[in-house]
Amino acid sequence: MTALLDIHDLAIRTGSKSLVADLSFSIAAGERLGLIGESGSGKSLTALAAIGLLPEALMASGSILLDGHQLVGACDRELVPLRGTAAAVVFQEPLTALDPLARIGRQVGEAVRRRAKRDGAATDKASITREVLSLLDQVALPDTGRIFNAWPHEISGGQRQRAAIAMALACKPKLLIADEPTTALDVTTQAEILALLKRLVRERDMALLFISHDLPVVAGTVDRVLVMQHGRIVETGAVADVFAQPQHPYTQSLVVAARAFDDALEMTA
Amino acid sequence: MSESTIIIASVEGKKRRSWTFTIGAIIVGLQVVIGLMTLIWTPFDPSAMSGGRLGAASLVHLAGTDRLGRDLFSLIMIGSRIALTVGSGAIVIGGLIGITIGLLAAFASKTLDDVLAAGLDILIAFPTLLLAMLIVASSDGASLTTAIVAIGIANSAIVARLTRILAKRVLSMDYITASRISGTSWLGVVMIHVLPNIWPTLLVNLALQFGLAVIAEASLSYLGLGAPPPNASWGRLLQEAQATVYTAPLGAIAPGIALVSLVIGINLLADGLRDLADPTRRSRR
Ligand SMILES: Nc1ncnc2c1ncn2[C@@H]1O[C@H](COP(=O)(O)OP(=O)(O)OP(=O)(O)O)[C@@H](O)[C@H]1O
Ligand SMILES: [Mg+2]
């Protein structure tokens, strides 16, 4: 079986500086993979590369196969039809993930309309609206009628992130890339969004690339995990194994930190 | 409790907005009506003697007469039409060229962007009036059209630089990436996200350019590079009144007031329009 996303020997550099090197991993259809690493280790760049959206100033080499298409060296025209259908992204910062000057319904609707056009489905206003409302409902937004007509600044951060997830879902991707989708949220909202993502991935049979710098968050969400440091993969394996027997010093420090946090919680309880 | 404060705040926001917007709309609207009216009617024939020379203001000649006995109020009314033509013409030309170049630079590769940015900086460093004078002087003769084109081109550099900076900031946002992921083309990104987001700021700048264009044309006319009466701009009227400013100050004061009021009106209107175009301002204030 061919993988949905197959990255081989990926290197990303800007001029002479290497940002990501020797990166190889693959995600099968329906698989959930976690990507952990400290800030600046190249997680977001890897995600952008996986969807062919690296900034122009950066150069990628190696091989990225997304749904059987080579992305490295591909031109924009070849990439447009792949984006969204093969993979969609949920970003870290819910405030900048939505256009402040477009109502929620319109933004999600735009993604719905593009997907409907590709599928040859109906693109009249009524069916788009119906689909948008259904998506808002699926991401468990309350009062969908009001949120449909709301501006991004009129809803909460957690609700914005749900709307952003609805937008990604509107593309009906085979792979959902979530780049630290919960970092900007409080703990309760964070847990809700994680549960939502897990449910959606299961229901829609999507693959998930989940990016975070938080080990416990990743551990509860994915099957397999990659640990990155300074642009390289330093450890990989099933979540349980990596958690139980971390090999690399960086992973060990992550596990120790997570344990210490748990212990501290227990002590106060 | 917070519910009621929000309501009060939004009512106050509405009041404030309508204040600038209404005054601006009244001033500009009045000038537009007067300008259009001059196409079919003026109180007196602006090219004929209709009273004594340098007559004072009276109920018949609201702004007195000029040194050839022509009715100044009629001439000022025509000046309104000319000012509006110059302002709109210059911002249409400056806006179209400027926004196009600015967007191109924002999307261009680094090298092309650097070249464009440097070119714009040079053009901006060039005084508008000097540039306009060069263009007017190198064309057949001073006409209103050459003045409009010249001022428009000079303004386009400023619009282009602003557009480039604003567009670059918008393009770096996650929602652009999200939109691209859903399959939006670059043109779609510009239409759906970039233009609406840069529009409020751009609009205020264009209004400023409108006012500056009117003033620039008045300056060109004042230097003798504008059309003579009866189709004279306010700048030309000011120039004509210069020699007699001590004996008949009204000849300079009246067109001056017309000029200043239009520039203020346009800026108030733009301020109001920006608030309307920006939903975060609409409800936050
Ligand atoms: N457009 C760019 N040009 C040059 N360098 C960049 C660019 N974007 C990112 N980098 C650099 O690449 C490195 C990796 O960035 P990346 O955004 O992938 O980090 P990250 O692992 O996602 O971090 P975080 O957890 O803070 O989001 C950083 O050192 C960053 O400075
Ligand atoms: Mg990141």
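What you see below is based on every heavy atom in this structure, not just the backbone, and it leaves out hydrogens, waters and symmetry mates. In what follows, chains are A, B, ... by sequence order, proteins preceding strands, each numbered from 1.
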Given that the side chain runs from C-beta out, which part of [X] has a heavy atom under 4.5 Å from chain A: side chain, backbone, both or neither?
X: B:S109; answer: both
X: B:W186; answer: side chain
X: B:I176; answer: neither

Which answer fits [X], side chain, backbone, both or neither, if we ask what part of it has an atom under 4.5 Å from a heavy atom of chain B?
X: A:L95; answer: neither
X: A:R77; answer: neither
X: A:A57; answer: neither

Taking the side chain as C-beta and beyond, is there a heavy-atom pair between [X] and [Y] under 4.5 Å?
X: A:L209; Y: A:L176; result: no
X: A:L71; Y: A:L82; result: yes
X: A:R115; Y: B:S182; result: no

Name the option with the most non-hydrogen atom pairs under 4.5 Å to chain A; the candidates are B:A178, B:S179, B:S185.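 Among the listed options, the one with the most contacts to chain A is B:A178.
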
Partner of A:L5 by side chain to side chain contact (heavy atoms under 4.5 Å, CB included), out of A:I177, A:L175, A:D67: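 Exactly one option meets the side chain to side chain contact (heavy atoms under 4.5 Å, CB included) with A:L5, and it is A:L175.
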
Sole candidate of A:E131, A:M167, A:R103 that passes side chain to side chain contact (heavy atoms under 4.5 Å, CB included) when paired with A:V108: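 Checked A:E131, A:M167, A:R103 against A:V108; only one passes side chain to side chain contact (heavy atoms under 4.5 Å, CB included): A:M167.
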
Is the closest basic N to carboxylate O distance between A:E180 and A:K43 below 4.0 Å?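 A:K43 and A:E180: salt-bridged.
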
Lys/Arg N to Asp/Glu carboxylate O, B:D113 vs B:R164, below 4.0 Å: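 Result for this pair is yes, salt bridge flagged.
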
Under a 4.5 Å cutoff for heavy-atom pairs, which residue among A:G52, A:A97, A:C171, A:A88 has the most contacts with chain B?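 Ranked by heavy-atom pairs under 4.5 Å with chain B, first place is A:A97.
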
Flag the one option from A:V89, A:D76, A:V80, A:I51 with the top tally of heavy-atom pairs under 4.5 Å to chain B.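 If we count pairs closer than 4.5 Å to chain B, A:D76 comes out on top.
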
